[in-house]
Amino acid sequence: MNFPSKLIENAVNEISKLPGIGKKTALRLALHLLKQKESFTEELSSALLALRKEVKYCSTCFNISDQEICSVCSSPRRDKSIICVIEDIPDVLAIENTSQYNGLYHVLGGVISPIQGIGPDDLKIEALIQRVSSNDQGSKIEEVILALPATMEGDTTSFFITRRLKEFGVKVSTIARGIPIGGELEYTDEITLGRSILTRVNYSAD
């Protein structure tokens with residue numbers, strides 16, 4: 001791709017490093033910025049710099065936060081007896097958007113993957129164990145929900161965490177995995193269909 005300006009080329013190269021953005025899209029974005037008022041670009045740059053320099057990670061659950069303790073962990077309205085364990089921060093946003101969960105979270109920062117060289121010590125698993133073990137100090141964590149990916153790595157991580165939590169006597173559950181609403185059985189993969197049968201629930205016509 002030929003560029004009319006070295007400055008445009010540099011901007012395109014940097015923008016295209018973002019996930020899901022190719023050189024053509026990066027060029028359109030760069031040209032769009034050129035057409036805007038200078039204040040627009042300055043505000044965008046300022047917001048990105050603040051994002052990089054000032055955003056913190058909650059010291060309790062490791063979610064993104066503006067403070068040392070995130071708004072979820074500090075909220076008196078959350079059910080502090082339940083912790084939902086997730087792989088990474090986007091999963092928090094996905095669950096929050098359902099408006100169906102009112103407990104706490106614990107962000108592992110990944111899943112166990114020997115192939116990628118990621119072991120238990122590379123994740124926030126020990127911090128989770130410490131949160132649960134602090135039951136003796138009155139935190140009263142009664143349930144840990146494992147909301148990890150339905151992959152070999154996710155299952156391995158869930159198994160490891162379950163084994164570690166066994167001695168504390170807390171309830172360990174996992175999110176249901178099954179066929180989505182509107183899905184056809186013939187187009188459903190075998191693993192999902194099998195899990196749907198294993199995790200079946202009672203059906204009532206009432």
Under a 3.5 Å distance rule, please check whether [X] uses its side chain to pair with a backbone N or O of [Y] as donor and acceptor.
X    : Y    : result
S133 : Q130 : yes
K80  : C73  : yes
T157 : V111 : no
T25  : I21  : no
S16  : V12  : yes
D88  : P90  : no

Is there a path from [X] to [Y] through hydrophobic residues (I, L, V, M, F, W, Y) whose side chains come within less than 4.5 Å of each other?
X    : Y    : result
I129 : F160 : yes
I82  : I175 : yes
L27  : L29  : no

Classify the side-chain pair E143/S173 by whether it contains a donor and acceptor separated by less than 3.5 Å.
yes
Among L7, T41, I8, find the residue that satisfies the side chain to side chain contact (heavy atoms under 4.5 Å, CB included) test when tested with L34.
I8
Just how far is it from atom [atom1] of [X] to atom [atom2] of [Y], taken to the nearest 0.5 Å?
X    : Y    : atom1 : atom2 : answer
H106 : I141 : NE2   : CD1   : 10.0 Å
Q100 : N102 : CD    : CG    : 10.5 Å
E87  : T151 : CD    : OG1   : 7.5 Å

Nearest heavy atoms of [X] and [Y], plus distance in Å:
X    : Y    : value
C84  : I95  : SG-CD1, 3.8 Å
Y105 : R78  : CE1-NH2, 3.6 Å
L104 : R131 : CD1-NH2, 3.7 Å

The test is side-chain contact (heavy atoms from CB on, under 4.5 Å); show your working for K23 and N13 and say whether it passes.
CA-CA 7 Å; K23 288 294 180 69; N13 288 337; 3.5 Å; yes
Using the salt bridge (charged side-chain N to carboxylate O under 4.0 Å, His left out) criterion, which residues pair with K17? Sequence neighbours excluded.
E14
Side-chain donor-acceptor contacts of residues 112-127 below 3.5 Å, not counting sequence neighbours, with atom names and distances?
| residue | atom | partner | partner atom | Å |
| --- | --- | --- | --- | --- |
| D122 | OD2 | G119 | N | 2.8 |
| E126 | OE2 | R164 | NH1 | 2.5 |

Quick one: do T174 and L148 satisfy side-chain contact (heavy atoms from CB on, under 4.5 Å)? Show the steps, please.
CA-CA 8 Å; T174 184; L148 298 174; over 6 Å; no
Do any side-chain atoms of residues 52-72 form donor-acceptor pairs under 3.5 angstrom with protein atoms, and if so which ones, sequence neighbours left out?
| residue | atom | partner | partner atom | Å |
| --- | --- | --- | --- | --- |
| S59 | OG | E68 | O | 3.4 |
| S65 | OG | Q67 | N | 2.9 |
| S65 | OG | Q67 | O | 2.7 |

Does the pair I145 and I83 meet the rule for a side-chain contact (heavy atoms from CB on, under 4.5 Å), with working shown?
CA-CA 6 Å; I145 303 172; I83 295 178; over 6 Å; no
With side chains defined as the heavy atoms from C-beta onward, is the minimum distance between L165 and V132 less than 4.5 Å?
yes
